[in-house]
Structures are given as C-alpha cells and as structure tokens.
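Here is the structure we will look at, set down as structure tokens.
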Amino acid sequence: MIEHADGTRTPVIDASVHIFFPSTRDLREFLREPFKSRGFPDYEMDWYGTPGGEYAPGTRGPNRGYPGSDPDFVAQQLFSERGVDVAVLHPMGRGIMPDRHLGSALCAAHNEMMVSRWLESSEFGDRFRGTIRVNPDDIAGALRELDKYKDHPQVVQIGVPLQSRELYGKPQFWPLWEAAAEANLPVAVHIETGEGVAFPPTPSGHTRTYEQYLGFMSLNYLYHLMNMIAEGVFERFPTVKFVWADGAADFVTPFIWRMDTFGRPHLEQTPWAPRIPSDYLPGHVYFVAGGLDGPGDVEFADQWFSFTGKENMVMFGSSYPHWHSWDLSTLPSALTAEQREKLCWRNAAELYGIDIPAELATQ
C-alpha cells in the first residue's frame with residue numbers, strides 16, 4: 001500500500017515484474033537433452049543496447065546474480081521498499097527460436113523455475129502471481145504447457161512474445177486463444193528479450209538508435225490488436241482477454257478512432273466481426289502502463305485517461321528491474337480518485353481474480 005500526495009492510500013498490484021534465471025548455466029539445469037547442450041541467445045542478445053545499462057541501479061542482488069533472479073531480494077525491493085502488495089511475474093525468455101522445439105523447451109524451463117522458486121516460495125509465494133510462457137510457433141507444445149499449469153492457483157495468465165512472425169489474429173493461433181479463454185487465463189503479450197529470430201521492430205526495417213527502437217516497437221501491439229479485431233477473434237472467443245504488457249495505451253485512442261473511421265462504412269466486408277472496432281475493446285483489451293506512456297503530470301491527464309475507456313483498461317506495471325522501472329510517486333496528480341484506484345490495483349484485481357482485503361481497499 002502507498003500513500004498519495006493528497007494523503008489517501010491505495011493498495012498496489014504491480015502487473016509487470018520481470019524475472020530471470022541467475023545465469024545461463026542455471027537455466028540449463030532446468031533443460032533436458034537434447035536441449036540442455038544446445039546453443040541459444042543470451043538475455044542480452046539484442047541489437048539496441050540501452051545507453052547506461054538495461055537495468056536499474058541496485059537491482060542485481062546480494063549474490064550479484066542477474067537482476068530479477070533472487071526472489072527474496074526482489075520481494076524486499078517491491079514489498080518492503082515500494083509498497084507493492086501483489087506482484088505479477090513475467091519470466092523473460094529468449095524470443096522465437098528457429099527450432100520451435102527448442103523454443104518450447106526454453107519456455108518450459110522458465111515456467112518450472114518460476115513456479116518452484118517464486119510461486120511456491122515459503123515466505124513470499126502468496127504475494128506473487130505468475131505468467132506461464134508458451135511458444136506461439138508450437139501450438140501443440142503451447143497447449144501442453146497451458147494444460148500443465150492452468151489449474152495452479154497462482155498462475156493468472158499465459159505469455160507470448162510481441163515479436164511474433166505472424167499477426168496474432170490469424171487462424172493458426174486460434175486454438176491457443178480458445179484454450180486460454182476456456183482456462184479463464186488472459187494472454188499477455190510482451191516485448192521479448194534474447195531476440196531469437198525476431199523480425200525488425202518496424203515494418204520498414206531496423207531503426208538506427210535505441211530511442212527510435214523504444215518509440216516504434218510498441219506500435220507492433222497495434223498491428224496485432226487491429227488484426228485480431230478484423231479477423232473476428234473477439235467474436236469467435238467472446239471471453240478471451242489480451243494484456244498488452246509493455247505499454248502502448250497512449251497509442252490506442254488515435255488508432256482505434258482511425259480504424260472506426262475506415263471500418264464503419266465497410267463492415268459488410270467482415271461479417272465475422274460485425275461491430276465497429278472500438279466496440280471490441282471493453283472487457284477484451286488491457287494495457288500495462290509504463291512510466292514513459294502518456295502525457296505525464298499535466299492538468300488534462302484525467303481527460304486523456306478517460307478517452308476510449310483507457311481508465312478501465314490500464315494497469316500499473318513497474319517493469320522492474322529494467323532501467324525505466326517506475327513507481328507510483330510520479331502518478332499524474334490530475335487523475336480522479338476512481339481513476340487512481342483503477343490504475344493502482346482495481347483493474348488488475350478484477351482481471352486476475354486477486355483478492356485485496358477489504359480493510360486495504362477502503363483506506
């Protein structure tokens with residue numbers, strides 16, 4: 001729980017905490033042959049190194065392992081120092097592999113590590129929730145992995161990489177979205193580390209610098225989302241929910257307005273998706289709010305937040321332990337009390353079925 005500038009207090013659900021293996025050697029201990037001795041990218045195998053370093057100072061932990069790899073240290077930083085009540089974990093993998101079987105094995109290793117070390121931690125496990133990573137290039141393997149963990153009480157969603165080689169509205173992915181909906185698990189789409197064989201960050205190729213990469217990369221969420229609407233995914237699977245888990249809520253308003261403008265007079269071309277595009281957002285689409293998203297602390301922040309129903313779609317996520325990790329001390333002061341509650345905890349609690357004690361929710 002944190003106290004805001006006006007003296008009120010709210011619970012905090014951090015919907016985006018990134019966890020890692022301490023080392024590649026440690027990861028291999030969770031792999032079986034023939035994958036244990038295979039080669040694969042390191043977490044840092046990307047083309048846009050962050051100026052100044054990828055991770056926030058002081059996140060490496062007492063054993064100098066990889067940031068986000070020590071459950072006790074992460075718990076201390078989140079729960080004791082930042083006032084977080086519940087943390088939703090996203091294991092960070094290695095991207096889409098050329099060998100889909102190796103990709104699925106890496107997902108399984110990360111899931112096993114998260115469940116055994118984090119969700120079943122004797123001291124802090126009850127305050128962690130988990131994202132099961134699955135490989136969209138291997139639908140059969142993804143379904144097996146989902147079936148393995150779908151009934152675990154602290155698994156709250158499945159995760160796929162943003163850097164897919166096909167748009168997620170296409171029919172080859174439908175069995176996975178159907179299974180996720182039947183398991184009542186949202187699908188989190190997150191920028192993946194490790195690169196693998198990912199496509200360039202823009203349809204026109206690679207950008208030149210890190211800041212261009214960071215600015216353009218999140219547009220890929222919109223390509224996936226608009227394709228899913230046009231392909232009728234939300235009509236076909238009315239209970240499916242997608243979490244765009246690395247920002248981009250600031251893109252959704254102008255893009256959905258534009259899609260409505262061009263979509264409204266041509267709905268006869270998509271009889272499988274008969275409503276205007278913006279009608280498919282409520283109850284289906286959620287965003288994790290990044291510290292760099294939106295207009296910042298301005299007097300119209302509450303109005304901006306209300307456009308397109310963003311106040312019902314956006315959840316706080318720190319992106320810990322990355323350099324742009326943020327806390328709620330920089331929350332725009334113009335947000336209404338209701339908007340602040342939804343962002344800090346209520347939207348995430350409702351989406352993930354997280355119980356917040358009544359005495360905390362009414363401070």
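Owing to the predicted nature of the structure, the values given are computational and were not obtained by experimental measurement. All residue numbers in this chain count up from 1 along the given sequence.
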- E145/K148 under salt bridge (charged side-chain N to carboxylate O under 4.0 Å, His left out): CA gap, chis, key distance, verdict: CA-CA 5 Å; E145 198 69 7; K148 185 189 305 182; 3.3 Å; yes
- Task: Give the intermediate values and the outcome of side-chain contact (heavy atoms from CB on, under 4.5 Å) for residues R94 and T24.
- Result: CA-CA 11 Å; R94 306 301 173 93; T24 297; 3.9 Å; yes
- M1 and T10: side-chain contact (heavy atoms from CB on, under 4.5 Å), yes or no, with the steps? CA-CA 5 Å; M1 174 168 287; T10 62; 5.9 Å; no
- Message: With side-chain contact (heavy atoms from CB on, under 4.5 Å) as the criterion, how do N347 and F316 come out once you've worked through the C-alpha distance, each side chain's angles and the decisive distance to 0.1 Å?
- Response: CA-CA 9 Å; N347 287 344; F316 164 70; over 6 Å; no
- Task: Check the pair F216 / Q212 against side-chain contact (heavy atoms from CB on, under 4.5 Å), numbers first and verdict last.
- Result: CA-CA 6 Å; F216 288 126; Q212 291 175 311; 4.2 Å; yes
- Message: For F128 and F79: C-alpha separation, side-chain torsions, deciding distance, then whether ring-ring contact (aromatic ring centres under 6.0 Å, His included) applies.
- Response: CA-CA 10 Å; F128 291 131; F79 304 144; 5.5 Å; yes
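Judged purely by atom type and a 3.5 angstrom limit, S104 uses its side chain to pair as donor or acceptor with the backbone of R100. Under a 3.5 Å cut-off, the side chain of S69 and the backbone N or O of G65 do not form any donor-acceptor pair. Within the 3.5 Å criterion, the main-chain N or O of S204 finds a donor-acceptor partner in the side chain of T202. Checked by atom type and distance alone, the side chain of Q339 pairs as donor or acceptor with a backbone atom of T336 at under 3.5 Å. Using modelled atom types, no side-chain atom of R9 and backbone atom of I2 make a donor-acceptor pair closer than 3.5 Å. Between the side chain of W177 and the backbone N or O of Y168, at least one donor-acceptor pair lies under 3.5 Å. With hydrogens and angles disregarded, no donor-acceptor distance shorter than 3.5 Å links the side chain of R129 to the backbone of Q154. Panel note: side chain R32, backbone F30; a donor-acceptor pair is recorded below 3.5 Å. Side-chain atoms of E178 never come within 3.5 Å of backbone atoms of V240 as a donor-acceptor pair (strictly under, hydrogens ignored). H224 places a side-chain N or O within 3.5 Å of a backbone atom of L162 that can act as its donor or acceptor partner.
Of the N and O atoms on the side chains of Y43 and E54, not one donor lies less than 3.5 Å from an acceptor on the other residue. Side-chain contact annotation: E112 with S116, donor-acceptor N/O pair under 3.5 Å absent. Residues T8 and R340 bring a donor and an acceptor atom of their side chains to less than 3.5 Å of each other. S306 and Q303 are not linked by any side-chain donor-acceptor pair at a separation below 3.5 angstrom, with hydrogens and angles left out of the test.
Taking a 6.0 Å sphere around CG of D297, one finds it holds more than 12 heavy atoms contributed by other residues, nucleotides or ligands. The number of heavy atoms from other shown groups lying within 6.0 Å of CZ (R82) is above 12. Around CD of E299, the count of heavy atoms belonging to other residues, nucleotides or ligands within 6.0 Å does not exceed 12. Sparse packing is recorded around CZ of R258, with 12 or fewer heavy atoms of other residues, nucleotides or ligands lying under 6.0 Å away.
Here T253 contributes atom OG1 and K310 contributes atom NZ; the two are 3.0 Å apart, rounded to the nearest 0.5 Å. Rounded to the nearest 0.5 Å, atoms CG (L335) and CH2 (W304) are 9.0 Å apart. Note: D260 CG to I229 CD1 = 8.5 Å, rounded to the nearest 0.5 Å. In this structure, the separation between OG1 on T131 and CE on M92 is 10.5 Å, given to the nearest 0.5 Å. Atom CG of L225 sits about 6.0 Å away from atom CZ of F287, to the nearest 0.5 Å. Note: S333 OG to L331 CG = 9.0 Å, rounded to the nearest 0.5 Å.
Using a cutoff of 4.0 Å between basic side-chain nitrogens and carboxylate oxygens, E338 and K342 are scored as salt-bridged. Salt bridge absent: R60 and D70 never bring a charged side-chain N and a carboxylate O closer than 4.0 Å. Comment: R275 engages E235 in a salt bridge, judged by a side-chain N to carboxylate O separation of less than 4.0 angstrom.
Here the options are F21, Y66, F20, the test is side chain to side chain contact (heavy atoms under 4.5 Å, CB included), and the partner is L27; only F21 passes.
Counting heavy atoms from C-beta on, the side chains of F173 and E166 come closer than 4.5 Å. The side-chain heavy atoms of E192 and D246, taken from C-beta on, include no pair separated by under 4.5 Å. Proximity of H152 to E120: side-chain heavy atoms (C-beta onward) are separated by under 4.5 Å at one or more points. Proximity of I139 to Q172: side-chain heavy atoms (C-beta onward) are nowhere separated by under 4.5 Å.
Residues meeting the ring-ring contact (aromatic ring centres under 6.0 Å, His included) test with H190, sequence neighbours left out: H18, H90.
Between V288 and S16, the closest heavy-atom pair is CG1-CB, 3.8 Å.
Between F234 and F242, the ring planes lie perpendicular to each other; the angle is over 60°, past the 30° to 60° tilted range.
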